[in-house]
Q: 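Please read through the structure below; I'll follow up with questions.
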Amino acid sequence: MPSVQVLLFARYAELLGTPRIELSFEDGATVGHLIADLRALPGGNSLPERPFVAVNLEQAGYERPLQGNDEVAVLPPMAGG
Amino acid sequence: MPSVQVLLFARYAELLGTPRIELSFEDGATVGHLIADLRALPGGNSLPERPFVAVNLEQAGYERPLQGNDEVAVLPPMAGG
Amino acid sequence: MIHLVRQPIDVSALIGAVSAAGRGAIATFIGLVRDHHGGRGVVELEYSAYEPMANAAIGAILEEAAGRWPVSVGLRHRLGRLAIGDVAVAIAVGAGHRAEAFEACRFVIEAVKERVPIWKRERYADGTEAWVDPSASGGVRPVATPAGGAG
Amino acid sequence: MIHLVRQPIDVSALIGAVSAAGRGAIATFIGLVRDHHGGRGVVELEYSAYEPMANAAIGAILEEAAGRWPVSVGLRHRLGRLAIGDVAVAIAVGAGHRAEAFEACRFVIEAVKERVPIWKRERYADGTEAWVDPSASGGVRPVATPAGGAG
């Protein structure tokens with residue numbers, strides 16, 4: 001199966017206990033499926049149901065199909081400035 | 001007769017050829033009378049009819065009576081900042 | 001352009017970079033680390049970022065500003081540990097006229113707060129820490145116990 | 001407080017003076033000498049003032065700002081001869097939050113332009129000079145021939 005790198009930041013990295021996870025996915029899987037898989041991991045159920053997601057540095061919707069080697073980042077609410 | 005110091009600035013000082021004139025006034029004279037006297041001096045008719053005036057550092061109306069030793073300043077349009 | 005820095009921000013250099021002979025107005029915004037948040041005493045904080053995306057997002061904001069107003073904009077955002085009073089973010093906008101300078105400067109700081117993946121962890125006078133989260137009640141969320149940890 | 005200065009304005013010092021541990025937002029406005037005005041090339045200018053009234057007027061503006069918003073404000077306005085690119089005026093506003101900082105900063109520069117007796121004489125690339133007058137068509141009035149002079 002193809003896989004993607006999932007990057008976790010700030011409080012989300014703490015919840016999952018890591019800043020980076022490689023997750024495999026089935027053909028036709030979307031960002032939404034990946035988030036569901038992530039929330040099934042230990043600590044993952046503390047993530048919000050629909051966290052903000054970026055794919056390859058761009059904001060991405062939950063219907064977006066995954067491609068092998070995508071970099072998927074799961075982003076807590078922003079607090080810069 | 002009592003008198004006041006009249007201060008002229010920037011272009012107005014150029015028009016009258018001096019930054020300071022002492023003008024005497026009759027009892028009961030106002031700022032308006034003083035401006036009329038000033039406009040009767042050589043170069044004074046190039047002043048606007050109702051220039052902005054300050055008396056003792058505060059903006060003053062033309063009906064204001066003059067007092068001996070008042071410092072009257074005749075101010076061109078402001079251009080600071 | 002690198003907008004994220006780990007060293008103290010040189011505000012004067014940023015202002016100089018947007019000054020030009022044809023520009024008469026410069027508006028700046030500087031965000032400093034405050035000693036309190038939500039009624040609690042803050043002693044230190046740490047900014048982290050998804051750096052490549054944050055840099056790209058800031059670049060896009062500055063381009064958008066330069067497209068909407070005839071301005072030149074510079075921005076630096078600090079990352080890492082900061083002490084009270086440190087400059088966390090600085091924005092300088094050079095323009096021909098002051099209205100454009102103020103409007104563009106305000107636009108940039110608002111957009112940075114909304115769109116740039118940067119996070120802030122505060123340490124308080126009582127020794128506790130929390131993640132700043134403008135969407136949370138109280139403005140923060142507790143530090144999480146790692147998965148598989150004791151809690 | 002002396003708001004009018006004849007030496008170069010130290011913007012960093014002005015910013016430092018309104019920074020405090022409880023203030024997280026600083027907005028500044030800096031006015032620079034531009035190299036053009038009304039389509040003419042400017043090479044130099046000179047600011048003059050009715051100094052005691054100008055200082056008092058600036059003081060009143062800063063007090064009004066501090067009464068309308070919870071802010072700390074510093075201002076310096078330069079007098080004398082200035083070259084292109086010199087800082088003519090600098091305003092720094094320290095506040096708890098950015099909205100107040102921006103609003104107060106904008107208020108102060110607008111009020112300074114309206115209410116403070118300061119005048120500006122420009123010298124142009126063609127050797128002529130004029131007084132800046134926002135009320136005049138073209139924004140300037142010619143230098144006057146002294147009374148009793150040849151003209």
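To find a chain, count down the sequence lines: A is the first, B the second, and so on, and within it residues start at 1.
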Q: Please check if the number of heavy atoms outside Glu63(D) that lie under 6.0 Å from its CD is greater than 12.
A: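 No, CD of Glu63(D) has 12 or fewer neighbouring heavy atoms, counting only those of other groups under 6.0 Å.
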Q: Specify which of Ala57(D), Ala130(D), Pro142(D) makes the most heavy-atom pairs with chain B at under 4.5 Å.
A: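 The option with the most such pairs is Pro142(D).
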Q: If I measure from the heavy atoms of chain B, does Tyr50(D) come under 4.5 Å with its side chain, its backbone, both, or neither?
A: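 For Tyr50(D), the contact with chain B is made by backbone and side chain together.
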Q: In terms of heavy-atom pairs under 4.5 Å, which option from Ala88(D), Pro52(D), Ser135(D) contacts chain B the most?
A: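 The candidate making the most pairs under 4.5 Å is Pro52(D).
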Q: So which residue, Asp133(D), Val112(D), Leu75(D), ends up with the most heavy-atom pairs under 4.5 Å with chain B?
A: Asp133(D)
Q: Could you pull out the closest heavy-atom pair between Met78(B) and Glu114(D), with the gap in Å?
A: SD-O, 3.6 Å
Q: Which atom pair, heavy atoms only, marks the closest approach of Leu15(B) to Ala144(D)?
A: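 Looking at all heavy atoms of both residues, the shortest contact is CD2-CB, 3.4 Å.
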Q: Chain B heavy atoms under 4.5 Å from Glu110(D): which part of the residue, side chain, backbone, both or neither?
A: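 Contact with chain B involves no heavy atom of Glu110(D) at all.
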Q: Determine whether more than 12 heavy atoms belonging to other residues, nucleotides or ligands lie under 6.0 Å from atom CG of Asp126(D).
A: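 Result for CG/Asp126(D): enclosed.
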Q: Against chain D, label Leu41(B) side chain, backbone, both or neither, depending on which of its atoms sit under 4.5 Å from a heavy atom there.
A: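 Looking at Leu41(B), nothing touches chain D.
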Q: State plainly whether the residues Glu14(B) and Arg121(D) are in salt-bridge range, i.e. N to O under 4.0 Å.
A: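 Answer for the salt bridge query: yes.
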Q: Give the ring-plane orientation class for Trp119(D) versus Phe9(B), where under 30° counts as parallel, over 60° as perpendicular and anything between as tilted.
A: parallel
Q: Take atom CD of Glu58(B) as the centre, draw a 6.0 Å sphere, and report whether it contains more than 12 heavy atoms from other residues, nucleotides or ligands.
A: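 No, CD of Glu58(B) has 12 or fewer neighbouring heavy atoms, counting only those of other groups under 6.0 Å.
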Q: How far apart are the closest heavy atoms of Met53(D) and Gln59(B), and which atoms are they?
A: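 What the structure gives for the nearest pair is CE-N, 4.3 Å.
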Q: Heavy-atom pairs under 4.5 Å with chain D: which of Leu57(B), Leu7(B), Thr18(B) has the most?
A: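 Heavy-atom pair counts peak at Leu57(B).
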Q: Name the member of Lys120(D), Lys113(D), Arg78(D) that forms the most heavy-atom pairs with chain B at distances under 4.5 Å.
A: Lys113(D)
Q: Please indicate whether Gln67(B) has more than 12 foreign heavy atoms, meaning atoms of other residues, nucleotides or ligands, lying under 6.0 Å from its CD.
A: no
Q: If I compare all heavy atoms of Arg141(D) with all of Arg11(B), which pair ends up nearest, and what's the gap?
A: CD-NH1, 3.5 Å
